[in-house]
Q: 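I have a structure I would like to understand better, so I am pasting it below and will then ask my questions one at a time.
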Amino acid sequence: DAGVIQSPRHEVTEMGQEVTLRCKPISGHDYLFWYRQTMMRGLELLIYFNNNVPIDDSGMPEDRFSAKMPNASFSTLKIQPSEPRDSAVYFCASSVAGKLFFGSGTQLSVL
Amino acid sequence: AQSVTQLGSHVSVSEGALVLLRCNYSSSVPPYLFWYVQYPNQGLQLLLKYTTGATLVKGINGFEAEFKKSETSFHLTKPSAHMSDAAEYFCAVSSQGGSEKLVFGKGTKLTVNP
């Protein structure tokens, strides 16, 4: 299995632009998580899904952030409009039987 | 609410020396505890986890951690550091045995000197 696949690997955009981050979880995993990592705040859970259904989005910072999981093999995290303070590494992770697997992350820079 | 405190954002050891990374947790319910490792430009990987039962947990790459309820600690150790252990290590706590609602510490960056 290729593991959790995230794209793009790096994203540089200008303030106000829409950003879409993509994730393909490991096949057969029933949970999917979106995390954000910054130096100041560490690793924060933004939202997670169980069987494609959003369970807890209390970590989503603002209405500018939205996440979808239209099927078991794909999820997106969208930021619209983006702001410089959104610059971070965004990780997607999937899990089954309590074991979490992370993707390599998307490094987002908002100028 | 649950929280994790990792003492020391940076730890430096010599190759072959003992590695000790400290983690203290706060939880109002019996905790499930985890250690993850992050190598540069990669996602986190599970090292080990404690759910119930034996309080000394062995993980990959020679690491182990001991759950001490009286001290609310879950320190990570390795008897002899290797250069390849250089990475950032994260302690995490959950109220459930799965990965839901993991709360991570800020991380400890381990440097191994030759």
Side-chain angles (χ1 to χ4, degrees), chain A residues 1-11 21 23-26 28-51 53-60 88-109, chain B residues 1-10 21-27 30-53 57-60 63 87-110:
Chain A
D1 198 317
V4 177
I5 300 173
Q6 291 187 245
S7 64
R9 190 78 175 86
H10 301 275
E11 176 79 36
L21 311 181
C23 175
K24 177 178 168 56
I26 295 173
H29 284 196
D30 53 356
Y31 283 88
L32 183 138
F33 303 80
W34 282 100
Y35 284 89
R36 178 172 68 176
Q37 186 178 36
T38 61
M39 290 290 291
M40 291 295 294
R41 301 173 68 93
L43 203 60
E44 304 171 278
L45 176 63
L46 300 177
I47 184 172
Y48 76 94
F49 297 82
N50 178 220
N51 294 323
V53 176
I55 303 300
D56 188 338
D57 66 354
S58 60
M60 296 285 262
V89 180
Y90 291 81
F91 287 102
C92 176
S94 67
S95 77
V96 67
K99 193 170 181 183
L100 198 61
F101 293 81
F102 281 77
S104 297
T106 294
Q107 174 81 57
L108 174 64
S109 297
Chain B
Q2 297 178 302
S3 66
V4 170
T5 301
Q6 291 185 238
L7 301 173
S9 57
H10 289 82
L21 305 183
R22 299 178 188 274
C23 172
N24 288 91
Y25 69 89
S26 173
S27 178
Y32 296 89
L33 296 158
F34 306 77
W35 275 101
Y36 282 82
V37 60
Q38 184 180 28
Y39 298 102
N41 301 313
Q42 294 186 27
L44 280 69
Q45 303 171 36
L46 180 66
L47 268 181
L48 50 81
K49 74 179 203 179
Y50 167 80
T51 53
T52 59
V57 181
K58 295 187 184 299
I60 61 172
F63 284 93
E88 190 154 17
Y89 293 79
F90 294 86
C91 183
V93 64
S94 171
S95 61
Q96 301 160 283
S99 306
E100 305 82 8
K101 299 288 284 187
L102 275 177
V103 175
F104 284 89
K106 290 288 182 68
T108 297
K109 188 171 184 179
L110 176 66

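Residue numbers start from 1 in every chain, and the chains themselves are labelled A, B, ... in the order their sequence lines are given, proteins ahead of strands.
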Q: Considering non-hydrogen atoms only, spot the tightest contact between F91(A) and Q38(B) and give its length.
A: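 The answer is CZ-NE2, 3.2 Å.
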
Q: If you measure from CG on L102(B) to OG on S95(A), what distance do you get to the nearest 0.5 Å?
A: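 With rounding to 0.5 Å, CG (L102(B)) is 8.5 Å from OG (S95(A)).
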
Q: Run the numbers on L100(A) and Y36(B) for side chain to side chain contact (heavy atoms under 4.5 Å, CB included), then give the verdict.
A: CA-CA 10 Å; L100(A) 198 61; Y36(B) 282 82; 3.2 Å; yes

Q: How long is the gap from NZ on K106(B) to CE on M40(A), to the nearest 0.5 Å?
A: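 Those atoms lie 7.5 Å apart.
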
Q: Are L44(B) and Y35(A) packed together at the side-chain level, in the sense that at least one heavy-atom pair is separated by less than 4.5 angstrom?
A: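 When only atoms from C-beta onward are counted, Y35(A) and L44(B) do not touch, as no gap falls below 4.5 Å.
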
Q: Given the options S9(B), G43(B), A92(B), which has more heavy-atom pairs under 4.5 Å with chain A than any of the others?
A: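 Highest number of heavy-atom pairs under 4.5 Å: G43(B).
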
Q: Could you check if a side-chain atom of N41(B) sits within less than 4.5 angstrom of a side-chain atom of R9(A), using non-hydrogen atoms only?
A: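 A side-chain contact under 4.5 Å exists here.
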
Q: Using non-hydrogen atoms and a 4.5 Å limit, figure out which bit of Q37(A) sits close to chain B: side chain, backbone, both or neither.
A: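 For Q37(A), side-chain heavy atoms alone lie under 4.5 Å from chain B.
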
